[in-house]
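Beneath this line is the structure, given in structure tokens, with notes to follow.
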2 protein chains.
Amino acid sequence: MQLHVNARATRLNPDRLFGQVAHRLAVAIITGASPTGALLPNEDDLRDEISVSRTAYREAVKFLSGKGLVEARPKSGTRVAPREAWNLLDPYVLAWHFEADPNEKFIRDLFELRLFVEPSAARLAAQRRSDADLKRIEAAFRGMVENPPYAAPTVNADLAFHEAIFAATRNPPLQCLAPAVSATIQWSLFLKAPDDRFFFTASLIDHERVLDAIVQRDGDLAAARMSGLVIDSLNSTLGLLAARVQAEAAKSA
Amino acid sequence: MQLHVNARATRLNPDRLFGQVAHRLAVAIITGASPTGALLPNEDDLRDEISVSRTAYREAVKFLSGKGLVEARPKSGTRVAPREAWNLLDPYVLAWHFEADPNEKFIRDLFELRLFVEPSAARLAAQRRSDADLKRIEAAFRGMVENPPYAAPTVNADLAFHEAIFAATRNPPLQCLAPAVSATIQWSLFLKAPDDRFFFTASLIDHERVLDAIVQRDGDLAAARMSGLVIDSLNSTLGLLAARVQAEAAKSA
DNA sequence: TCCCGGATAAAGTCATACGATAGAAACGGG
DNA sequence: CCCGTTTCTATCGTATGACTTTATCCGGGA
């Protein structure tokens with residue numbers, strides 16, 4: 001599974017060897033191909049499997065250990081950490097999930113988190129936004145309107161819209177949740193049939209209503225409308241997931 | 001500044017050399033001693049400052065780059081990344097902040113985030129908790145009651161209480177915010193005069209009321225009471241911060 | 001049976017070398 | 001004198017082999 005759109009720099013530079021190794025290991029872990037507790041290929045044995053030096057391999061492991069994906073201990077080896085230890089909100093970890101099949105529970109959980117956070121973020125944005133913030137949000141919205149539905153620039157504008165709202169909250173830790181929101185949006189658009197105009201139009205209206213509330217500096221209204229947006233997006237995404245599951249069941253039957 | 005309590009394993013093993021280097025660099029970055037865009041000590045020059053091989057140094061940099069603290073590019077050097085790129089919700093990044101002076105804005109921002117998230121988490125916990133979840137939450141509460149105020153076991157029990165609530169939500173991405181909540185608690189207790197019994201008793205009552213709502217499986221009540229708990233904690237912490245600032249101003253005058 | 005200590009395997013650290021690349025400086029043409 | 005091109009060089013990236021440290025395992029002795 002490959003995502004065609006990837007707005008932020010949440011992807012390791014593929015030119016770098018260590019990045020390729022990290023990506024490979026991470027995807028194996030997240031998809032479950034390497035289950036919890038599994039030993040990673042021994043640092044020496046690994047040279048046989050993929051031709052890469054210990055240096056590059058070790059740097060990749062260090063990178064992953066910082067995200068809680070692996071644990072290395074002398075003598076016992078380097079093992080896949082239990083999922084509870086993973087930093088699921090890390091931008092890289094979120095991005096690596098796109099390489100795996102869609103996990104309905106995970107996507108629901110992300111939407112649930114989003115539903116808790118993003119309306120509050122919209123409230124703060126409405127209250128605290130500067131004119132520059134507003135310009136940025138408006139520009140993103142215009143990008144959604146003026147480009148063809150589901151095209152790459154449109155998706156990027158959608159992501160930029162939500163990111164701009166987070167930026168307007170002036171709360172850096174809160175802003176760190178923007179990648180999680182982006183992930184739900186990308187999942188939603190990834191699952192969608194690219195000719196589904198109905199949802200796109202509805203989504204556009206949802207966005208416009210949020211923007212309007214932020215223009216008015218009406219925090220409560222912005223929060224309420226953002227809730228509506230997220231719920232609409234969740235419902236349509238869950239519908240798509242169900243359809244996908246059904247289609248796959250029919251195909252294998 | 002040194003925090004005496006550190007419940008989770010959010011601290012790099014200090015026995016490992018690479019961990020010491022990473023810690024040192026991270027603290028320098030977070031305190032602002034190494035400002036944005038500053039070049040990190042050259043990989044070769046660094047050997048003069050602290051006697052460490054390139055290997056250990058590079059692994060430390062890789063570790064930090066995964067958290068957005070630094071950016072390494074061939075030739076141009078390894079530079080401190082802009083703060084917007086930092087993953088402020090990463091457990092390590094949160095922990096490293098304790099090595100710097102308290103940053104009021106940052107602590108306020110964390111509390112703000114907590115106020116958005118934790119009441120919702122409490123609601124879910126009340127709705128979804130298993131008996132085992134409840135046992136865990138109750139055990140943590142007992143740990144707060146039965147140990148002396150502000151002692152290490154008490155603090156750990158406090159952290160465990162909130163972590164258990166997150167665990168009961170059955171939402172792994174949401175659980176990843178537990179370290180951020182823990183950080184606010186640790187800041188609050190760090191700033192507090194260790195003989196302040198008044199706040200401790202009030203906090204205990206707040207916790208008991210939340211626990212009671214979870215026992216009753218009353219989601220709305222749990223959310224409301226958790227809001228109260230967080231707000232009480234925020235207010236007392238801000239008071240302590242103000243007192244601290246005042247004391248320092250008086251001392252320097 | 002339990003405890004202690006050595007063997008051992010794996011990660012951790014070091015030193016060195018070479019390759020690749022982007023920026024800087026030197027150079028040359030207009 | 002200015003600007004584009006070339007060359008140079010500093011710095012990161014990768015590779016390799018040796019040595020150190022650490023934790024587990026296992027066997028011997030009390």
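Letters go in sequence order (proteins before strands), and every chain restarts at 1. Just so you know, these numbers use all the heavy atoms, side chains as well, and skip hydrogens, waters and symmetry mates.
Between A:N171 and the choices B:L110, B:D109, B:L88, the side chain to side chain contact (heavy atoms under 4.5 Å, CB included) rule is met once, by B:D109.
Look at A:K62 and you'll find a side-chain N or O under 4.0 angstrom from OP1 or OP2 of C:dG12. At the phosphate of C:dA11, neither OP1 nor OP2 sits under 4.0 Å from any side-chain N or O atom of A:R58. At D:dT24, one or more side-chain N or O atoms of A:R73 fall inside 4.0 Å of OP1 or OP2 (strictly under the cut-off). When the side-chain nitrogen and oxygen atoms of A:S76 are compared with OP1 and OP2 of C:dA9, none of them lie within a distance under 4.0 Å. Remark: B:T55 is not in phosphate contact with C:dT13, judged by side-chain N or O atoms under 4.0 Å from OP1 or OP2. Contact annotation: A:S53 side-chain N/O to D:dA15 OP1/OP2 distance is under 4.0 Å.
In this structure, B:L17 places its CG atom 15 Å from C1' of D:dC19, rounding to the nearest Å. Residue A:L64 contributes atom CG, which lies 14 Å from atom P of C:dA11 at whole-angstrom precision. Taking atom OH of residue A:Y57 and atom P of nucleotide D:dT16, one finds them 16 Å apart after rounding to whole Å. Rounded to a whole Å, the CZ atom of B:R79 is 13 Å from the C1' atom of D:dC12. Between the CZ atom of B:R54 and the P atom of D:dA10 there is a distance of 15 Å, given to the nearest Å. Here C:dA22 presents its P atom at 15 Å from CD of B:E71, a figure rounded to the nearest Å.
Each salt bridge (Lys or Arg N to Asp or Glu O under 4.0 Å) pair with one or both residues in residues 132-147 of chain B, not counting sequence neighbours, appears once here: B:D133-B:R170. Listed by first and then second residue, the salt bridge (Lys or Arg N to Asp or Glu O under 4.0 Å) pairs involving residues 82-95 of chain B are B:K67-B:D90 (not counting sequence neighbours).
At a threshold of 4.0 Å, the pair A:E59-B:K62 counts as salt-bridged, since one of the basic side-chain nitrogens sits closer than that to a carboxylate oxygen.
Remark on DNA chain C: of its neighbouring residues B:A56 and A:A72, the 5'-side contact belongs to A:A72, judged by nearest-heavy-atom nucleotide. If A:E59 and A:K75 are placed on DNA chain D by their nearest nucleotide, the residue sitting closer to the 5' end is A:E59.
With distances taken from any side-chain atom of A:F18 to the nucleotides D:dT24, C:dT13, D:dT14, the minimum falls on D:dT14.
No donor-acceptor pair under 3.5 Å is formed between the side chain of B:S188 and the backbone N or O of B:T184.
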